[in-house]
Visitor: 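Sharing a structure, written as structure tokens. Questions coming.
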Amino acid sequence: MAGTAEPKVVPFPLRVPGEPFPPPRYEEYRRSEGLVLTHLPNGNRVWLVTRHAEVRAVLTSKKISANPDREGFPHISDTMGVPRQEQIPGWFVGLDSPEHDRFRKALIPEFTVRRVREMRPAIERTVDGLIDSMLAAGNTADLVADFALPVPSLVISSLLGVPPVDRDFFESRTRTLVAIRTSTERQRDTAAKELLRYINRLVGIKATWPGDDLISRLLATGSISTQEMTGVLMLLLIAGHETTANNIALGVVTLLLNPQWIGDQRAVEETLRFHSVADLVALRVAVEDVEIGGRLIRAGEGVIPLAAAANHDEEAFACPHLFDPARTERHHVAFGYGVHQCLGQNLVRAEMEIVYRRLFERIPTLALAVPAEELPLKYDGVLCGLHELPVRW
């Protein structure tokens with residue numbers, strides 16, 4: 001039966017410069033209430049969900065929707081949220097079943113373990129090429145700009161079948177799109193429009209001259225319209241780009257600070273849990289009254305399950321504040337949970353595993369060029385990560 005006590009009301013969890021991540025207040029919420037109320041910057045009231053079991057309950061409830069068109073959906077701001085279908089058709093993370101299932105079913109074959117295994121040689125060549133460039137340029141680098149951001153961009157451009165001659169354009173526009181601190185809103189808007197135009201043209205070319213790539217295979221299924229293809233591809237590009245780059249950069253720092261785990265493949269899974277870069281990504285709204293964690297969430301109320309809070313829940317993970325790749329608990333929600341769980345998680349894991357292995361094999365003297373506490377963490381977006389990562393060797 002749902003509790004009747006007045007829920008706690010807390011400030012919206014925007015990250016604060018200088019504060020560790022996950023913020024200490026997440027632990028306070030988990031231990032006291034589990035579900036707390038907050039107000040978005042626009043004043044709308046929304047539930048924050050912090051315990052592991054309750055986050056999974058939200059993400060699998062058929063009474064809770066991912067559709068941003070639903071009344072009460074928590075739109076954080078104009079630039080931090082889920083686009084509507086009328087804005088970008090095919091942006092399927094904002095759809096519920098059965099509409100969502102059509103896109104997912106078409107894309108699943110592109111991200112199976114077998115398919116990703118076939119991609120590994122190309123990923124290794126990409127990683128080695130970027131390491132070659134860093135070594136040729138001297139003995140220092142910004143590992144975010146020179147390595148962590150280009151790796152997923154080049155991998156996704158290869159997956160989509162972007163011709164080699166266009167990859168510099170593709171990589172530069174995607175870099176501008178996610179560079180919240182160093183690019184203006186107008187520059188990001190221009191980059192997004194240029195990418196959309198390019199993807200539209202590329203889809204047209206693949207429709208006429210198909211190749212061995214994701215766009216050609218998706219078009220051949222006939223299950224996704226040409227107009228929707230643009231939104232699907234933009235989603236794959238953005239979802240697979242910055243999240244992977246943030247995991248790469250934060251994982252390298254964590255391994256440098258915990259060198260006993262360098263070379264241990266289990267570090268990939270623990271990095272995903274430990275950093276939980278997509279903490280604020282899953283936004284939901286109740287479409288029927290539903291009880292979660294002893295609280296009644298009424299239809300039309302917004303819900304935000306916090307991935308980092310869930311992945312540091314001591315009821316789900318022993319000593320969750322420790323980076324421990326040897327832990328046996330693997331049920332983190334860094335990729336979400338339920339029908340919206342990240343389709344590209346096998347690819348992300350492969351990229352991280354190859355990056356950590358090749359980087360430390362080829363540059364065994366790699367070290368931070370500044371103290372870890374001086375690294376500029378991101379506080380200005382929905383994803384956690386680093387703006388820069390100065391390294392030397």
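The model shown is predicted, which means the values in this text are computed figures rather than measured ones.
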Visitor: For H52, which residues count as a ring-ring contact (aromatic ring centres under 6.0 Å, His included) partner, sequence neighbours excluded?
Guide: F317, H331

Visitor: Can you sort out the partners of L130 under side-chain contact (heavy atoms from CB on, under 4.5 Å), two or more places apart, ordered by chain and number?
Guide: T126, F147, P150, V151, L154

Visitor: Give, for atom CG of L160 and atom CD1 of I199, the distance between the pair rounded to the nearest 0.5 Å.
Guide: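 With rounding to 0.5 Å, CG (L160) is 7.0 Å from CD1 (I199).
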
Visitor: Under a single-linkage rule joining Ile, Leu, Val, Met, Phe, Trp and Tyr whose side-chain heavy atoms are separated by less than 4.5 Å, which residues share a cluster with V165?
Guide: none

Visitor: Would you say that I123 contacts L347 through its side chain, given a criterion of any heavy-atom pair below 4.5 Å between the two side chains?
Guide: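 Yes, at least one pair of side-chain atoms sits under 4.5 Å.
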
Visitor: Using a strict threshold of under 4.0 Å (side-chain N to carboxylate O), is an ion pair present between R115 and E118?
Guide: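 Looking at E118 and R115, the cut-off is met.
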
Visitor: Parallel, tilted or perpendicular for F274 and H312, by the 30°/60° rule?
Guide: tilted

Visitor: Salt bridge between R266 and E270, side-chain N to carboxylate O under 4.0 Å?
Guide: no

Visitor: Begin with the C-alpha distance, continue with both residues' side-chain angles, and end with the deciding distance and a verdict on side-chain contact (heavy atoms from CB on, under 4.5 Å) for I304 and F12.
Guide: CA-CA 11 Å; I304 302 180; F12 184 74; 4.1 Å; yes

Visitor: Show me the donor-acceptor pairs, under 3.5 Å and distance only, between side chains in residues 100-107 and residues at least two apart or in other chains.
Guide:
unit_1: H100; atom_1: NE2; unit_2: H340; atom_2: ND1; d: 3.3
unit_1: D101; atom_1: OD1; unit_2: S97; atom_2: OG; d: 2.9
unit_1: D101; atom_1: OD2; unit_2: S97; atom_2: OG; d: 3.2
unit_1: R102; atom_1: NH1; unit_2: S223; atom_2: O; d: 2.8
unit_1: R102; atom_1: NH1; unit_2: E228; atom_2: OE1; d: 3.0
unit_1: R102; atom_1: NH2; unit_2: E228; atom_2: OE2; d: 3.0
unit_1: R104; atom_1: NE; unit_2: V339; atom_2: O; d: 3.4
unit_1: R104; atom_1: NH1; unit_2: V339; atom_2: O; d: 3.0
unit_1: R104; atom_1: NH1; unit_2: Q341; atom_2: O; d: 2.9
unit_1: R104; atom_1: NH2; unit_2: Q341; atom_2: O; d: 2.9

Visitor: Under a 3.5 Å threshold, yes or no: a donor from one side chain and an acceptor from the other, between D213 and S216?
Guide: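 Short answer, yes.
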
Visitor: Hydrophobic side-chain clustering at under 4.5 Å (ILVMFWY, transitive links): who's grouped with I292? Put none if nobody.
Guide: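 Same cluster as I292: V9, L35, L37, W47, V49, V55, V58, L59, I64, V290, I297, V303, V333, Y337.
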
Visitor: Does D146 reach the side chain of S133, with side-chain heavy atoms less than 4.5 Å apart?
Guide: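 No, every pair of side-chain atoms sits at 4.5 Å or beyond.
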
Visitor: Would you call E269 and R349 a salt bridge, taking side-chain N to carboxylate O under 4.0 Å as the test?
Guide: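 A salt bridge links E269 with R349.
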
Visitor: Within a reach of under 6.0 Å around CZ of R330, are more than 12 heavy atoms found that belong to other residues, nucleotides or ligands?
Guide: yes

Visitor: With sequence neighbours left out, what residues match Y198 under ring-ring contact (aromatic ring centres under 6.0 Å, His included)?
Guide: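 Here the qualifying residues are F169.
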
